[in-house]
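Have a look at the structure below, then the notes.
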Amino acid sequence: MQPFFRGAWAVAARNLRVWRTMALASVLGNFGEPILYLLAMGFGLGRVVPPLDGMTYAEFIAPGLVVSTVMYTATFEMTYGSYTRMAEQGVWDAILATPVTPTELCMGELIYAGVKAGVGAVAVLLVVAAFGLVQSPLAVFVLPLGFVAGVLFASMALAVTTVSKSYEAFNYYFTLVVAPMFLFSGIFFPLEGSPRWLKLFAQVLPLTHVVQVSRACLRGTFDGTAAVHVAVVLAMTCGGVALAAAGARRRLNH
Amino acid sequence: MNDPNMNDPNVVIAAESLGKSYGALTAVAGINFRIHRGECFGFLGPNGAGKTSTMRMMQAVMAPTSGTLRVLGLDVAREGKAVRQRIGVCPQTDNLDVDLRVRENLLVYASYYGLSRSERERRADELLVFADLEAKANARVPELSGGMKRRLTIARALVNRPEVLLLDEPTTGLDPQARQQLWQKLRELKESGVTMVLSTHYMEEAERLCDRLVIMDHGKILTEGTPRALVESHVGREVATPSQVRPAGLEDVFLHLTGRGLDA
């Protein structure tokens, strides 16, 4: 392995090792919320919602819930988790005394978050499938999608962490960025037919594009439009990673 | 480098007019020193003297703002990664990985240096023996005493078989017994030929461990020499106090040079 990836991988492996010791509790945490939404909204609210695009309401929201897990897992991990390693535990200080550079450290954190988010997405996918809400074998692509989208949301969160002076900042990030993304990314209602401002707003939210790809995978309707969404997700991921790495270098090079 | 000594293979660390300032605050004010292979070199001074800033520059985690600093012939500002690959660092405050168990701390730290899996396992076992922590291999870090944590931190600093070991106030905060134990470990290391650099504000520590040392205050080096020579040249062999005559120590040197005690 090239030295660069060696350093990044060592950091990712350290975090995965810690995660492994509490993986069960953490995967249950991943299951929890999306399943509650599925039950309450999908099967509760869904009874009074007419079919959308030939889908029951539960079928409509299931793909979005699978990737909302990705967003929440990666974001929690790279805000509260990373900040703790950086500012509270001194884990990053110890790592930076070794040949590992700030950029490598950042990449290692992002790889770890991507893996954890991908595993979380698969866990929710299995539950959703058990409810009969998956129509296509293309759903297996949720794993790579979960990894890439996990890195995307992780990079946004890590960029915020590198400019944070305390845990307080994360309240703003969750309220002003994460919650609107959860609500306005087309998980719970179709963006077609929404007011123009909302449609435009949704286009700048990374989760919107991830939801569209996830829906195309679970329904087996992967077409040119879905491919464009994949391209947008990949481009946003590259941008996010560059931003997080720049933040890490600025914060950690003394 | 015009200075021929810069290429002397026996000079492990060389600072020329080394300075570090944080905005208007000058922490290190243009100091010069040379540390030779195999010696234990000390930085003695009160808190705020510039010891830790100097240590962090030698660790290649903080760039100098003026002058040059070469560690193992490498420029710390431009070749920091290569420097860090070949040194070991025991920081002032414990930053052991509390999410990992004792042996895992060594295994995981070794992975940051790119050691192979078998080498990681071998080093972890060797260093558990060195640190007298075999019985604690699977303990969680918070279960360790202060002395055990320090020994584990020093063991961790040795995973990559460093050519230079940098110890920033290694015994601060330890009780006298744990301090004695740690000094024993450090003497063992010195005998094995590792070059050691340590900062301390304990005179006794500097006297017992250091072959040569500098005394720092306000970012400057006040004097340099062997502990004995410093005492003899600045204060003589004995010091008369109102109640007794006792052997002179480095504290008296510091007092003589600055007019105040080290803990002031």
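Below, read A as the first sequence line, B as the second, and so on, with proteins coming before strands; counting in each chain starts at 1.
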Please tabulate, for the side chains in residues 145-157 of chain A, all donor-acceptor contacts under 3.5 angstrom to protein atoms that are two or more places apart in sequence or on a different chain.
from: A:Ser155; atom 1: OG; to: A:Val151; atom 2: O; distance (Å): 3.3
from: A:Ser155; atom 1: OG; to: A:Leu152; atom 2: O; distance (Å): 2.7

Pairwise side-chain contact, A:Arg14 with B:Asp99, heavy-atom cut-off 4.5 Å (strictly under): yes
Any chance [atom1] of [X] has more than 12 other-residue heavy atoms, nucleotides or ligands included, within less than 6.0 Å?
X        : atom1 : answer
A:Phe170 : CZ    : yes
A:Tyr172 : OH    : no
B:Lys185 : NZ    : yes

Residues of residues 106-144 of chain B near chain A, each having a heavy atom less than 4.5 Å away: B:Leu107, B:Val108, B:Tyr109, B:Ser111, B:Tyr112, B:Tyr113, B:Gly114
To the nearest 0.5 angstrom, please state how far the [atom1] atom of [X] sits from the [atom2] atom of [Y].
X        : Y        : atom1 : atom2 : result
A:Thr101 : B:Arg84  : OG1   : CZ    : 7.5 Å
A:Thr21  : B:Arg101 : OG1   : CZ    : 8.0 Å
B:Gln85  : A:Thr98  : CD    : OG1   : 8.5 Å
A:Ile95  : B:Asn95  : CD1   : CG    : 9.5 Å

Region of A:Val100 in contact with chain B, defined by heavy-atom distances below 4.5 Å: both
Side chain, backbone, both or neither of A:Arg85 within contact of chain B (heavy atoms, under 4.5 Å): neither
Derivation of the side-chain contact (heavy atoms from CB on, under 4.5 Å) call for B:Leu100 and A:Arg17: CA-CA 9 Å; B:Leu100 301 173; A:Arg17 176 189 278 266; 3.7 Å; yes
Part of B:Arg86 lying under 4.5 Å from any heavy atom of chain A: neither
